[in-house]
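These notes concern the structure reproduced below.
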Amino acid sequence: MSSHDPSASPSSQRSATPLSVDAPVLELRSLTRTHGTGIAEVHALRGINLSVHTGELVAVMGPSGSGKSTLLTLAGGLDTATGGQVIIEGQDISALGRKGVAALRRRSVGYVFQDYNLIPALTAAENIALPRELDGVSVRKARKEARAALEEMNLLQIADRFPDEMSGGQQQRVAIARALVGDRRLVLADEPTGALDSETGETVLALLRNRCDQGAAGVMVTHEPRYAAWADRVVFLRDGSIVDQTLATGADSLLAAEGAK
Ligand SMILES: Nc1ncnc2c1ncn2[C@@H]1O[C@H](COP(=O)(O)OP(=O)(O)OP(=O)(O)O)[C@@H](O)[C@H]1O
Ligand SMILES: [Mg+2]
């Protein structure tokens, strides 16, 4: 487009999908995911609507099998929806293609898997540095960031250990450090405290909270009201639907809300 084109407004030159300040970092619209067909059909998600803005941490709670991990994998572009839309930083990811989604994921999404997903042949520091290197950061800078992230988790002493030389809690914290390095705008964490004692769990939640306060948007699955109390909002899932949303005003009110279901 030439600069003399009279139809070229400043905003149309900037970006195909300009992102307003108030636009959510993550938006799920009528999201559905169905597995199998016929008698084996499972409706893992049945029309989820959810927006998460910069600065927000949203906790997702609900019984086993209610669709929490499914929601997170779809939100992170790791699985494809049966229906509806996933919009990350203003982009409908279904329009991006596989390579485009992979690039967006590396650049914008930090993901903590329920089962950690560390690469067995890489050390703690290498696991954390790898996604950054894949995204074009120099090896030197990525390694430096990795060590800083490990230090934040009080794990510098295991930087050169391989996953099978770490405890479950250490592996989980390395997985969290991997999701928090860089300036990813969206952090998705699936039960990030499952293997941690309560003190370490609180430390991890404080880091996650801090990351959101500094400009990320976060979604965290948890079974623990005391961790959900760190969130701005709690979304309750049941059988693939959001059945309630509450402000996280403290662990006691969350326990009461859960008990009432
Ligand atoms: N690949 C799959 N094939 C068939 N069904 C699946 C598949 N993945 C998930 N499901 C089903 O979808 C539903 C939601 O599963 P999901 O893993 O999202 O639950 P969850 O809330 O994360 O549970 P948990 O608390 O145990 O981690 C469950 O009924 C599950 O059995
Ligand atoms: Mg799960």
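Numbering of ligands and ligand atoms starts at 1, following listing order.
- Rounding to the nearest 0.5 Å places OG1 of Thr82 at 8.0 Å from CG of Leu74.
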Stepwise side chain to side chain donor-acceptor pair (under 3.5 Å) test for Ser69 and Asp190: CA-CA 7 Å; Ser69 293; Asp190 200 345; 2.6 Å; yes

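- Using a cut-off of 2.8 Å, one finds that Ser69 contributes an N/O/S atom close to the Mg ion (ligand 2).
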Check the pair Thr54 / Arg185 against side chain to side chain donor-acceptor pair (under 3.5 Å), numbers first and verdict last. CA-CA 8 Å; Thr54 296; Arg185 296 275 322 278; 2.6 Å; yes

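- Nearest protein heavy-atom neighbour of atom 13 (C) of ligand 1: Gly65 O, 3.6 Å.
- Under the 4.0 Å criterion applied to side-chain N and carboxylate O atoms, Glu27 and Arg29 are assigned as salt-bridge partners.
- Backbone or side-chain N, O or S atoms of Gln114 reach the Mg ion (ligand 2) at under 2.8 Å.
- Interface of Pro63 with ligand 1, defined as ligand atoms under 4.0 Å from a residue heavy atom, comprises 21 (O).
- Residue contact check: Thr70 has heavy atoms under 4.0 Å from atoms 14 (C), 15 (O), 16 (P), 18 (O) of ligand 1.
- For the residues Gly240, Ser69, Gly194, Ala44, the heavy atom positioned nearest atom 12 (O) of ligand 1 is part of Ala44.
- Nearest heavy atom pair, residue Val86 against residue Leu31, reads CG2-CD1, 3.7 Å.
- The atoms of ligand 1 that sit less than 4.0 Å from any heavy atom of Gln114 are 27 (O).
- One finds a salt bridge joining Arg209 and Asp232 here, because a Lys/Arg side-chain nitrogen approaches an Asp/Glu carboxylate oxygen to under 4.0 Å.
- Dense packing is recorded around CG of Asp115, with more than 12 heavy atoms of other residues, nucleotides or ligands lying under 6.0 Å away.
- Numbered from 1 in the order shown, with element, the atoms of ligand 1 that lie under 4.0 Å from a heavy atom of His223 read 25 (O).
- The two atoms that bring Thr73 and Tyr111 nearest to each other are N-OH, 3.1 Å, heavy atoms only.
- Contacts of His35 with ligand 1, taken as heavy-atom pairs under 4.0 Å, involve the side chain alone.
- Of all the atoms in ligand 1, the ones that sit under 4.0 Å from a non-hydrogen atom of Gly67 are 14 (C), 18 (O), 19 (O), 20 (P), 21 (O).
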Criterion side chain to side chain donor-acceptor pair (under 3.5 Å) on Glu41 and His35, from CA distance to verdict: CA-CA 6 Å; Glu41 199 169 75; His35 296 286; over 6 Å; no

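- Of the protein's non-hydrogen atoms, Lys68 NZ, 2.7 Å is the one closest to atom 25 (O) of ligand 1.
- Here the shortest heavy-atom pairing between Lys68 and Gly62 reads NZ-O, 3.0 Å.
- Within the 4.0 angstrom cut-off, atom 30 (C) of ligand 1 has no protein heavy-atom neighbours.
- Look at Ser66 and you'll find a heavy atom under 4.0 Å from some atom of ligand 1.
- Checked by distance only, ligand 1 and Val42 stay at 3.5 Å or farther apart across all their nitrogen or oxygen atoms.
- Taking every non-hydrogen atom of Ser64 and a distance limit under 4.0 Å, the qualifying atoms of ligand 1 come out as 23 (O), 24 (P), 25 (O), 26 (O).
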